[in-house]
Engineer: 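I'd like to ask you about the structure that follows.
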There are 2 protein chains.
Amino acid sequence: MTKQGGRRDGAGRPKGSNQYGEPTRPVRLPVSQIERVLRFVREREHELPLYACGVSAGFPSPADDYAEGALDLNAHLVRQPAATFFARARGDSMIGAGIHDGDLLVVDRSLTAEDGKVVVVSINGELTVKRMRREKGITWLIPENPDYPPIRFQEQDEAHLWGVVTNVIHSL
Amino acid sequence: MTKQGGRRDGAGRPKGSNQYGEPTRPVRLPVSQIERVLRFVREREHELPLYACGVSAGFPSPADDYAEGALDLNAHLVRQPAATFFARARGDSMIGAGIHDGDLLVVDRSLTAEDGKVVVVSINGELTVKRMRREKGITWLIPENPDYPPIRFQEQDEAHLWGVVTNVIHSL
DNA sequence: TCTTTGAAATATGTAACAGAATTCAAAAAG
DNA sequence: CTTTTTGAATTCTGTTACATATTTCAAAGA
């Protein structure tokens, strides 16, 4: 048995051939979270397949490539984590905008409340959801249900604009 | 200066007094993800405040305790990550169930399709959303829009039950 | 009684290490 | 000449080890 190989260029496992394709570093984490974090990082558990209904041809299966790729709900629905909160809708005053009693609203405080946007406002210490309309310098809060009257919005007294609704989550 | 302290019970930093309140262990992670993971673990970035609309008294602010606590969208909407996928709804055949054109559907394949559930089925290689009705041993797929006809569902030929819709996500 | 001080004990970020994995070219086999 | 085997070289990877920081308590000092 004589020498095989020897010092030479290109020998050995290539740099950057790890599972992430980039350098790694040890980080100390709480034991109970390690498994969850590894799934989060390695398998991108939060990214689930997204298919199209009503246009898809063929027979989609998890083995196929996703018709519209993968989706992370948090990343998709929450663009500004620091400025986002959720609100539970009550009543049917916004039924025309597809907001039902008990629906979960995603609200972004960093968006500007333009004309036509659905907004969350607090009036007399109570949170409420309405569509905002600006007309001749006057701002109206309009329910999307003919049973309810529009409200004139003035930043004074106890009225305060709270954020713009970006998504409605309805449970079946 | 003489000796102070000395060997004695109760001295020193207490066990379990770390920021997580439980043991930690080093884990090797890709450098680019470390910051994101630390936020994920330490600050629970995905858990955003949840308020109540229409019933809340007082003036909620991030400083207050959340009216209904904190919510993680993924944990809330995706109970079975391995069995869940998303589908993009097309058309208005389910408008009566609050499903509009372009809405995102959360679909769970691990749930059993009972009578009255909204389901995703593939018929002739196309994904479609309908409400399932079982009647005298016959299974119907019923659109919630009078403009569309019910469909009789038979597991044979090209029909295949794909999952149960648990949530509808509507963008404004 | 209140404040200061230092030893004791654990927390924490990272270097270091041992074993696994991977690659390449020389050697061996066909 | 072509294909297969082999072993050195090199990096990856999970974990241990360690130096430093942090926290606590009781004794000493004011």
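Both backbone and side-chain heavy atoms feed into the values below; hydrogens, waters and symmetry mates do not. Numbers restart at 1 for each chain; the letters A, B, ... are given by sequence-line order, proteins then strands.
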Engineer: Under 4.5 Å between side-chain heavy atoms, chaining through other members, with only Ile, Leu, Val, Met, Phe, Trp and Tyr counted: pull out the rest of the cluster around B:I138, sorted by chain and number.
Structural biologist: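 Members alongside B:I138: B:W140, B:I142.
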Engineer: Which residues satisfy the side-chain contact (heavy atoms from CB on, under 4.5 Å) test with B:T84, sequence neighbours excluded?
Structural biologist: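 A:L48, B:V78, B:Q80, B:V106, B:D108.
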Engineer: Quick one: side-chain contact (heavy atoms from CB on, under 4.5 Å) partners of A:R42, sequence neighbours excluded?
Structural biologist: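 Partners of A:R42 under the side-chain contact (heavy atoms from CB on, under 4.5 Å) test: A:Q19, A:Y20, A:L38.
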Engineer: Any pair with a residue in residues 88-110 of chain B that passes ring pair (Phe, Tyr, Trp, His ring centres under 6.0 Å), sequence neighbours left out, goes on the list, sorted by first then second residue, please.
Structural biologist: B:H100-B:H170
Engineer: Quick one: A:R13 CZ to C:dA25 P, roughly how many Å, whole number?
Structural biologist: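 Nearest whole value for this atom pair: 18 Å.
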Engineer: Does B:R36 have any salt bridge (charged side-chain N to carboxylate O under 4.0 Å, His left out) partners at least two apart in sequence or in another chain, and if so, which?
Structural biologist: none
Engineer: Where along residues 14-35 of chain B does a heavy atom come under 4.0 Å from DNA chain C, residue by residue in number order?
Structural biologist: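 Residues of residues 14-35 of chain B under 4.0 Å from DNA chain C: B:P14, B:K15, B:G16, B:S17, B:N18, B:Q19, B:P26, B:R28.
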